Asker: 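Please read through the structure below; I'll follow up with questions.
What you are looking at is a predicted structure, and each value in this text was computed from that prediction instead of being measured. We count ligands from 1, going down the list as the structure has it; atoms in each ligand are counted the same way.
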Amino acid sequence: MCGIVGYIGKDQAAPIILDGLSKLEYRGYDSAGIAVFDGEHICTQKAAGRLAVLEHMTRGGESMKGFSGVGHTRWATHGAPSDLNAHPHTNKKGSIVVVHNGIIENYMALKKKLEKRGYEFTSETDTEVLAHLLDYYYKGNPLEAITKVLHRVEGSYALGILFDDCPDQLFAARKDSPLIVGKSEEGCFIASDVPAILKYTRTVFYLDNQEVAVLRKDNIEFFTVDEEPIEKQAVTIEWDADSAEKAGYEFFMLKEIYEEPKTVTDTISPRIKDGEIRIEELKFTDEELKNIQRIHIVACGSAYHTGVTAKYVIEGLVRIPVEVEVASEFRYRNPIMDPEDLVIVISQSGETADTLEAVRESHKRGLKVLGIVNVVGSSIAREADSVMYTWAGPEISVATTKAYSAPLVALYLLAMKLGRVRGMIDDALFARLLEDIQALPDQIEMLLGQKEKLQHFANRYVAAKEVFFIGRGIDYAIALEGALKLKEISYIHSEAYAAGELKHGTISLIEDGTLVVALATQPELFPKTVSNIVEVKSRGAFVMAVAERGRKEIEKVADYVVYIPYTNSYFANSLAIIPLQLFAYYIAVGRGYDVDHPRNLAKSVTVE
Ligand code: G6P
């Protein structure tokens, strides 16, 4: 979704802002703009399309001189992607400039009132209302004008604001949309996400809801929405700067797939001590864990798919009933929940609007929430009662890979911990699980070694029109993610089906040459899935199967087989997903697409 970068300091602002925006491209956008204060006026440039267009217009920022400015990449919600709708938006005189991420829900009502007072609107956006409202309230005190506006608007916002008669200040505010503030020797920054400013500083402050920051070149002040000054603690970002760079890979997605063994290790190893699972961040007593009656897992997209897997793992190992639901459904369903239930929300960004709302809904009902989150200090991390961070580092490619694998293993650890506390996992089983979970990073590494084989196979299917993914049990959960990965980046229609459901409709779509990816990693379900493979084969399908090493018999029915090393069947997803991610990647590369920036998609969905 939209990206914001702002700078005020000793250096030229425009190149820093454009560089920062390029680091936020992964979030998804369709236009970009920048405003720089040149000492007398605020100059604004904006353009529909890629950031490269804006970079070209401004000669990489060279043509916009000045030491403070704001920039924005817009993902269209209100109004088409166009030069006019691109941010920054300004008041009529161009003396107040705003960039905004989020949605102003009452913008229509505010717009009508402003129009009655003679304000003219030039764009279709909700954001423009902010520029005019600031103009309306501005009587020489910018902080007062900003807080008055914040009291009037409903919805979500991360804001960067400049006033041309306050040349030494840059203003920021947020509610329900991410925004960080950074400080270095050379100046101060605002940004939607850490990678945008990582090159310049590691010292950041996380703005909380309805807080305002006033940045000068060498200091930052924070205020509540009622103009009360507040103290905020700086946080040091531990990521190394290279983690937000491509490091020689053609696309971030491939780099991030290659980081999966490390990501899985980083998520697992700090939580295994002296042969036991220790999840120190879990702020629940053993008594509370024993009393959990039901678990509700709520998430979106790929994070939801990790939840589907967790349902099988937790129900299988711990025998606690688990409901798993996409957050956009959960929040409006009036779900039946008991105060002794546990809610688990899973989110890479920690900012997904629907998932965040699920946290709040659960709190309203008196339930405790465990967040499994990647981005440190994100909204979900701050609002959940306990947080298990996944330590996957920055994930730049829109299609998630390492940030899918990390919560998966966090959920296995949680299941093992629950099973231990509740006496459902005996010592022998626990020892086997422990050994198997610790073997996963090396096994993933081994699977990555098959990259060329998969590339070769993918090249044969570059022109596929549709692909079906089938599986049973955990294999079905893997199929869901495999199909999503492929459709996201290759634009090939792909669907996942519980293999046993095929006969109830989907099999009518199978014809000569249709590619079917069959997941067959679950020993107990293996013969059933083999029967389903036979069914699609006899209707002309070409079958790629993913099976456990040693299951040679599958070669009699499938046309192409990828074997995964032996693991406990509960953990098979962590291995089987690797060939599916590589397969999707190479198909998209083969079709010539910009793998890291798939059309219409955003990395972090901060609006409903
Ligand atoms: C977007 C991303 C997906 C992601 C989903 C949930 O749709 O493109 O890759 O799985 O949001 O995001 P979250 O940050 O909550 O995991």
Side-chain angles (χ1 to χ4, degrees), residues 1-3 24-29 75 77 101 176-178 192-195 252-253 256-257 263 267 297-310 324-331 343-360 369-384 387-408 410-411 477 480-491 496 577 580-581 584-585 588 594-608:
M1 301 256 115
C2 310
L24 297 181
E25 281 193 282
Y26 73 90
R27 297 167 69 84
Y29 71 102
W75 191 83
T77 56
N101 178 9
D176 293 341
S177 269
S192 301
D193 199 358
V194 174
F252 276 108
M253 182 175 173
E256 288 159 2
I257 292 173
T263 301
T267 304
I297 299 184
V298 189
C300 300
S302 296
Y304 165 73
H305 295 158
T306 66
V308 177
T309 308
V324 51
E325 194 164 17
V326 288
S328 51
E329 288 297 314
F330 173 88
R331 63 183 286 191
V343 177
I344 303 177
V345 296
I346 307 160
S347 176
Q348 186 286 126
S349 62
E351 300 292 349
T352 303
D354 286 320
T355 312
L356 180 58
E357 210 43 55
V359 176
R360 294 173 180 165
V369 177
L370 166 65
I372 299 186
V373 174
N374 190 37
V375 176
V376 176
S378 55
S379 301
I380 293 175
R382 281 178 295 156
E383 292 195 24
V387 186
M388 270 179 91
Y389 281 117
T390 51
W391 308 123
E395 190 179 62
I396 308 294
S397 177
V398 167
T400 182
T401 51
K402 64 174 180 173
Y404 170 83
S405 287
L408 259 187
L411 287 157
L480 287 170
E481 179 60 9
L484 179 65
K485 218 57 2 191
L486 184 64
K487 76 177 85 153
E488 275 181 310
I489 56 173
S490 74
Y491 317 142
I577 198 61
L580 301 191
Q581 290 172 346
Y585 173 80
D594 180 354
V595 177
D596 290 333
H597 306 116
R599 69 185 179 205
N600 306 338
L601 294 180
K603 179 82 186 155
S604 168
V605 180
T606 49
V607 294
E608 260 194 73

Asker: Do the non-hydrogen side-chain atoms of Ile346 and Leu411 ever get within less than 4.5 Å of each other?
Answerer: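 The answer is yes, as the side chains (C-beta and beyond) meet within the 4.5 Å cut-off.
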Asker: Does Thr352, backbone or side chain, put an N or O under 3.5 Å from an N or O of ligand 1?
Answerer: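 N/O-N/O distance below 3.5 Å exists for this pair.
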Asker: For Lys402, does its backbone N or O pair with a side-chain atom of Glu395 as donor and acceptor, under 3.5 Å?
Answerer: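 Yes; judged by distance alone, with no hydrogens or angles, the pair exists.
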Asker: Is the shortest heavy-atom distance from the side chain of Ser405 to the side chain of Ile577 under 4.5 Å?
Answerer: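 Sidechains of Ile577 and Ser405: in contact.
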Asker: Run the contact test for Ala602 against ligand 1 with a 4.0 Å cut-off on heavy atoms, strictly below, and give the result.
Answerer: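 Yes, that is the case, since the closest heavy atom of the residue is under 4.0 Å from the ligand.
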Asker: Quick one: nearest non-hydrogen protein atom to atom 5 (C) of ligand 1, plus distance?
Answerer: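 Of the protein heavy atoms, Cys300 O, 3.9 Å lies nearest.
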Asker: Looking at ligand 1, does Val398 have a heavy atom less than 4.0 Å from it?
Answerer: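 The answer is yes, since Val398 has a heavy atom less than 4.0 Å from ligand 1.
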Asker: Closer than 4.0 Å to some heavy atom of Ser347 - which atoms of ligand 1 meet that?
Answerer: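 Listed by number with element, the hits are 13 (P), 14 (O), 15 (O), 16 (O).
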Asker: Looking only at protein heavy atoms, which one is nearest to atom 11 (O) of ligand 1, and what is the separation?
Answerer: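 Protein heavy atom with the smallest distance to atom 11 (O) of ligand 1: Lys603 O, 3.9 Å.
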Asker: Kindly give the heavy-atom pair with the smallest separation between Ser302 and Lys485, and that separation in Å.
Answerer: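 Shortest heavy-atom separation between Ser302 and Lys485 comes out as OG-NZ, 3.4 Å.
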Asker: Is it the case that Ser378 and Glu351 place a side-chain donor and acceptor less than 3.5 Å from each other?
Answerer: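 No, Glu351 and Ser378 have no side-chain donor paired with an acceptor closer than 3.5 Å.
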Asker: Return the residue, atom name and 0.1 Å-rounded distance of the protein heavy atom closest to atom 4 (C) of ligand 1.
Answerer: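 Among all protein heavy atoms, the one nearest atom 4 (C) of ligand 1 is Ser302 N, 4.2 Å.
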Asker: Is there a donor-acceptor contact under 3.5 Å linking the side chains of Tyr585 and Gln581?
Answerer: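 No pair is found: no donor N or O on one side chain lies under 3.5 Å from an acceptor on the other.
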Asker: Starting from atom 16 (O) of ligand 1, locate the nearest protein heavy atom and write down its residue, its atom name and how far away it is, to 0.1 Å.
Answerer: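 Result: Gln348 N, 2.7 Å.
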Asker: I'd like to check which ligand 1 atoms, numbered from 1 as shown, lie under 4.0 Å from a non-hydrogen atom of Ala303.
Answerer: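 In order of number, 10 (O), 16 (O).
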Asker: Please find the pair of heavy atoms, one from Gln348 and one from Ala403, that lie closest to each other, and give the distance.
Answerer: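 Smallest interatomic distance, heavy atoms only, reads CG-CB, 3.2 Å.
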